[in-house]
Amino acid sequence: MQSENETAEFLSILKETREQLVYFKELGVERIEGESPVSRSMETAVRQAETSVAESPGPQITGGAATTARAESAPESYTSDSPASSPATLFGDLAAPPVRIQKSSESFEEIWADIGDCTRCPLYQERTNIVHTDGNHKARLMFVGEAPGADEDAQARPFVGRAGQLLTKIIEAIGMKREEVLIGNVNRCRPPGNRPPTPEEASMCKPFLLREIAVVQPDVIVVLGNTAMKNLLDIKQGITRVRGQFQDYHGVKVMPTFHPAYLLRDPSKKKETWEDLKKVRDYLDTAPKRET
Ligand code: SF4
């Protein structure tokens with residue numbers, strides 16, 4: 001007979017597997033490189049496991065189904081014997097939060113008035129619009145990219161093109177709505193030919209983003225892609241090494257992950273992005289909600 005704890009753990013694995021399946025379906029992932037087709041294998045595992053629970057007289061679990069579900073859903077860092085599975089390891093010491101950046105009482109409108117018809121860096125020359133940070137000014141979760149693209153430049157809103165639509169799906173996959181979060185870029189003007197902004201261009205524009213962060217004080221910032229990560233965090237290592245590991249920005253948790261535009265080019269990386277975003281979701285579920 002399995003204990004109630006084991007049953008609860010098993011049901012939690014089932015829930016996680018089901019969520020991952022929904023995420024992959026949402027994002028249109030049919031197959032992860034080196035694995036069987038996502039939807040079919042995972043759906044089969046979930047169905048088998050659910051059936052075994054439903055048919056069980058008590059908290060008994062069919063070990064084979066449980067093993068299958070865990071094997072296909074849980075990354076190594078989530079296995080129970082891994083040190084990375086403890087919340088303290090994943091999120092830092094939650095009992096002793098670091099000193100946060102000073103709360104600012106200025107408004108976004110005041111910050112944008114300071115930006116004005118900005119010519120502080122060369123990117124002003126080819127822009128149509130300055131693309132300001134968009135969304136909930138009391139958000140617990142913020143996304144930061146590198147700079148606007150053509151669609152964003154035309155509409156004066158961040159992440160509205162194909163990559164933006166994918167970002168919206170990713171946000172929904174962790175159970176949130178786009179209107180609940182805040183979305184911005186390190187640079188607010190479109191670089192010519194969509195080239196990455198230079199560190200000098202980023203250093204001219206970043207102070208405005210930092211002022212917005214001080215106003216909102218989100219619990220987590222997700223930095224999207226290598227350029228945004230390096231420009232925000234001043235990290236030497238690349239995104240492939242750092243992604244999935246919480247960083248600190250003056251007391252705010254920062255999760256680096258792949259840029260949605262990169263996921264459009266290489267859909268197999270959606271799996272890693274899902275793992276990163278699950279850590280964000282779990283942290284937000286665990287961290288005490290701050291007063292707004
Ligand atoms: S990218 Fe930022 S600093 Fe550069 S011109 Fe645009 S608003 Fe000004």
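Atoms within each ligand, like the ligands themselves, are counted from 1 in listed order.
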Protein residue, atom and distance nearest to [atom], heavy-atom basis:
atom	answer
atom 1 (S) of ligand 1	N187 ND2, 3.4 Å
atom 6 (Fe) of ligand 1	C189 SG, 2.3 Å
atom 8 (Fe) of ligand 1	C118 SG, 2.2 Å

What distance separates T273 OG1 from K278 NZ, expressed to the nearest 0.5 Å? 12.5 Å
Would you compute the distance between atom CD of E146 and atom CG of N185 and round it to the nearest 0.5 angstrom? 8.0 Å
Closest candidate by heavy atom, reference atom 5 (S) of ligand 1, pool C121, S203, P191: C121
Is C205 close enough to atom 8 (Fe) of ligand 1 to have an N, O or S atom under 2.8 Å? no
Within the 6.0 Å centroid threshold, strictly below: Y283 and F246: yes
Relative to ligand 1, is R127 under 4.0 angstrom through side chain, backbone, both or neither, heavy atoms considered? side chain
Can you check whether G161's main-chain N or O pairs, donor with acceptor, with E152's side chain at less than 3.5 Å? yes
Option among R265, E272, K270 that satisfies the side chain to side chain contact (heavy atoms under 4.5 Å, CB included) test with F258: E272
In terms of the angle between their ring planes, are H132 and W112 parallel, tilted or perpendicular, with boundaries placed at 30° and 60°? parallel
Report yes or no: does a heavy atom of E201 sit under 4.0 Å from some atom of ligand 1? no
Atoms of ligand 1 close to R188 [distance to a heavy atom under 4.0 angstrom, numbered from 1]: 1 (S)
